[in-house]
Amino acid sequence: MKTVTTSARLRKAVKAARREGKTIGFVPTMGFLHAGHMSLVERARRENDLVVVSIFVNPTQFGPNEDYHAYPRDEKRDLAMLEQAGVDIAFLPAADEMYPKGFSTYVLQEGTLTGTLCGRSRPGHFRGVTTIVAKLFNLVRPDQAYFGQKDAQQVAVIRQMVKDLNFDVRIVDCPIVREPDGLALSSRNTYLDPDQRRDARVISQALFEARAAIESGQRDAAAVRELVRSRIASVPSVMIDYVEVVDADDLTPLQRLRGRVMIAVAVKIGRPRLIDNIQLTVQ
Ligand code: PAF
């Protein structure tokens, strides 16, 4: 595995592969890798000749009072995991490589996809995401890029950006990977103390109960939302940011459940903010 830290070297390495006619799969990450990330890497490995993974904790997607400086980092362990998974190129730029002095062009997506759910609670977050992902796409020029469904809104926003700005890349979204007790894997789970970790189980439990209710015939979005909300609220340490029942493609709120439906949740347990969702097709 080649580890590169500059845009120039990354460009050179992928150019050589492209000249040889290799397909390129790309997995952008912020590091502190877990099995969720590795499921994306493994899929990219199966489906492409060359696999590039970036590790970059992107400052522009964190708000002023968020966890940019505290975000967990373990480069050595991450690189060992990527090497083991057969990744070809790991890209680990420094912040001033991606945002050099004078940087002033951002990718701003307007409209409903960025104005709802996490976009409402984290102003500026998606501007940071679209900016860094656009920059990475321009450097790597992947055939396919892999994202986790846990960040379903991010996937929707990136699909829209790819369409709007004519990026020549296929966006592949991959299923959420969960702990045996249901908690969705996240680098931020590491912030949870043992009591918070126990309480965090209620997030997926509430979502699974909602899925069971829908499978038993419930079609009223408000009732499903209330079921999830009250189940989570039964654990006092878990503070709800939002519970929404939306169309899984355009993220608009639903009244009756039909088609591709997503139930999305964001909570805070002490300092850590966690998100999760389930997506299902309702006849
Ligand atoms: O999902 C993430 O880890 C980040 O938002 C991403 C896509 C790597 C951009 O910084």
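Heads up: numbering here begins at 1 and tracks the sequence.
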Drop me the distance from [X]'s [atom1] to [Y]'s [atom2], to the nearest 0.5 angstrom.
X: I275; Y: L117; atom1: CD1; atom2: CG; answer: 9.5 Å
X: T29; Y: N58; atom1: OG1; atom2: CG; answer: 11.5 Å
X: T130; Y: L165; atom1: OG1; atom2: CG; answer: 9.0 Å
X: K2; Y: D88; atom1: NZ; atom2: CG; answer: 9.0 Å
X: F208; Y: I203; atom1: CZ; atom2: CD1; answer: 11.0 Å

Indicate yes or no for a side-chain donor-acceptor contact from [X] to the backbone of [Y] under 3.5 Å, with no hydrogens or angles considered.
X: D241; Y: V265; answer: no
X: Q255; Y: D220; answer: no
X: Q153; Y: L113; answer: yes
X: T114; Y: Q109; answer: yes
X: T116; Y: T112; answer: no
X: T190; Y: S187; answer: no

Check: Can R271 and D67 be said to form a salt bridge (Lys or Arg N to Asp or Glu O under 4.0 Å), step by step?
Finding: CA-CA 9 Å; R271 199 169 52 101; D67 55 344; 5.9 Å; no

NZ/NE/NH1/NH2 to OD/OE distance under 4.0 Å, [X] and [Y]:
X: R141; Y: D168; value: no
X: E244; Y: R229; value: no
X: E42; Y: R46; value: no
X: D173; Y: R43; value: no
X: R73; Y: D78; value: no

Note to self: Could you work out, with ring pair (Phe, Tyr, Trp, His ring centres under 6.0 Å) as the rule, every residue matching Y106, not counting sequence neighbours?
What the structure shows: F103

Margin query: Holding to ring pair (Phe, Tyr, Trp, His ring centres under 6.0 Å), I want the full list of residues that pass it with F167, two or more places apart in sequence or in another chain.
Written below: F137

I'd like to know if [Y] and [X] are part of one continuous hydrophobic network [Ile/Leu/Val/Met/Phe/Trp/Tyr, side-chain heavy atoms within less than 4.5 Å].
X: L139; Y: I55; answer: no
X: I24; Y: V41; answer: no
X: V243; Y: L280; answer: yes
X: L79; Y: I89; answer: no
X: V172; Y: I176; answer: no

Next item on the list: Can you tell me which residue pairs pass the ring-ring contact (aromatic ring centres under 6.0 Å, His included) test with a partner in residues 10-50, sequence neighbours excluded?
Entry: H34-H37

Taking all heavy atoms of [X] and all of [Y], pick out the closest pair and write down the distance.
X: R211; Y: I278; value: CB-CD1, 3.6 Å
X: P28; Y: S54; value: CA-OG, 3.2 Å
X: L50; Y: R45; value: N-NH2, 3.9 Å
X: D181; Y: S204; value: O-OG, 3.9 Å
X: G115; Y: R120; value: O-CG, 3.8 Å
X: A35; Y: L185; value: CB-CD1, 3.6 Å

Next item on the list: With R260 as reference, evaluate D249, D247, T281 under the side chain to side chain donor-acceptor pair (under 3.5 Å) test and give the passing residue.
Entry: D249

Next item on the list: Using the side chain to side chain donor-acceptor pair (under 3.5 Å) rule, pick out the option among R273, R122, H125 that qualifies with E66.
Entry: R122

Next item on the list: Dump the intermediate steps for side chain to side chain contact (heavy atoms under 4.5 Å, CB included) on V27 and V52, then the final yes or no.
Entry: CA-CA 6 Å; V27 185; V52 181; over 6 Å; no

Next item on the list: Report the C-alpha separation of Q154 and R159 in whole Å, then their side-chain angles, then the decisive distance to 0.1 Å, and conclude whether the side chain to side chain contact (heavy atoms under 4.5 Å, CB included) test is met.
Entry: CA-CA 9 Å; Q154 170 170 279; R159 279 192 199 287; over 6 Å; no

Is the shortest heavy-atom distance from the side chain of [X] to the side chain of [Y] under 4.5 Å?
X: V140; Y: F91; answer: no
X: V107; Y: M161; answer: yes
X: V129; Y: T60; answer: no
X: I214; Y: L257; answer: yes

Checklist line | side chain to side chain donor-acceptor pair (under 3.5 Å) between E97 and T5, intermediate numbers included | finding: CA-CA 8 Å; E97 177 71 18; T5 57; over 6 Å; no

Next item on the list: Would you check, one step at a time, whether the test side chain to side chain donor-acceptor pair (under 3.5 Å) holds for S121 with Y242?
Entry: CA-CA 9 Å; S121 321; Y242 63 74; over 6 Å; no

Next item on the list: For side chain to side chain contact (heavy atoms under 4.5 Å, CB included), just list the numbers for V155 and Q149, CA-CA rounded to whole Å, side-chain angles, deciding distance to a tenth of an Å, and then say yes or no.
Entry: CA-CA 7 Å; V155 175; Q149 281 168 1; 5.7 Å; no

Check: Who are the salt bridge (Lys or Arg N to Asp or Glu O under 4.0 Å) partners of D195, not counting sequence neighbours?
Finding: R198

Next item on the list: Please name all residues satisfying side chain to side chain contact (heavy atoms under 4.5 Å, CB included) with T23, sequence neighbours left out, ordered by chain then number.
Entry: N48, D49, D143

Check: Which ILVMFWY residues can you reach from F62 by hopping between side chains whose heavy atoms are under 4.5 Å apart?
Finding: M30, V57, Y68, Y71, Y191

Next item on the list: Test R231 against V202 for side chain to side chain contact (heavy atoms under 4.5 Å, CB included), laying out the working first.
Entry: CA-CA 7 Å; R231 181 74 172 85; V202 75; 3.6 Å; yes

Margin query: Pair Q196, D199 - check side chain to side chain donor-acceptor pair (under 3.5 Å), show working.
Written below: CA-CA 5 Å; Q196 293 170 333; D199 291 350; over 6 Å; no

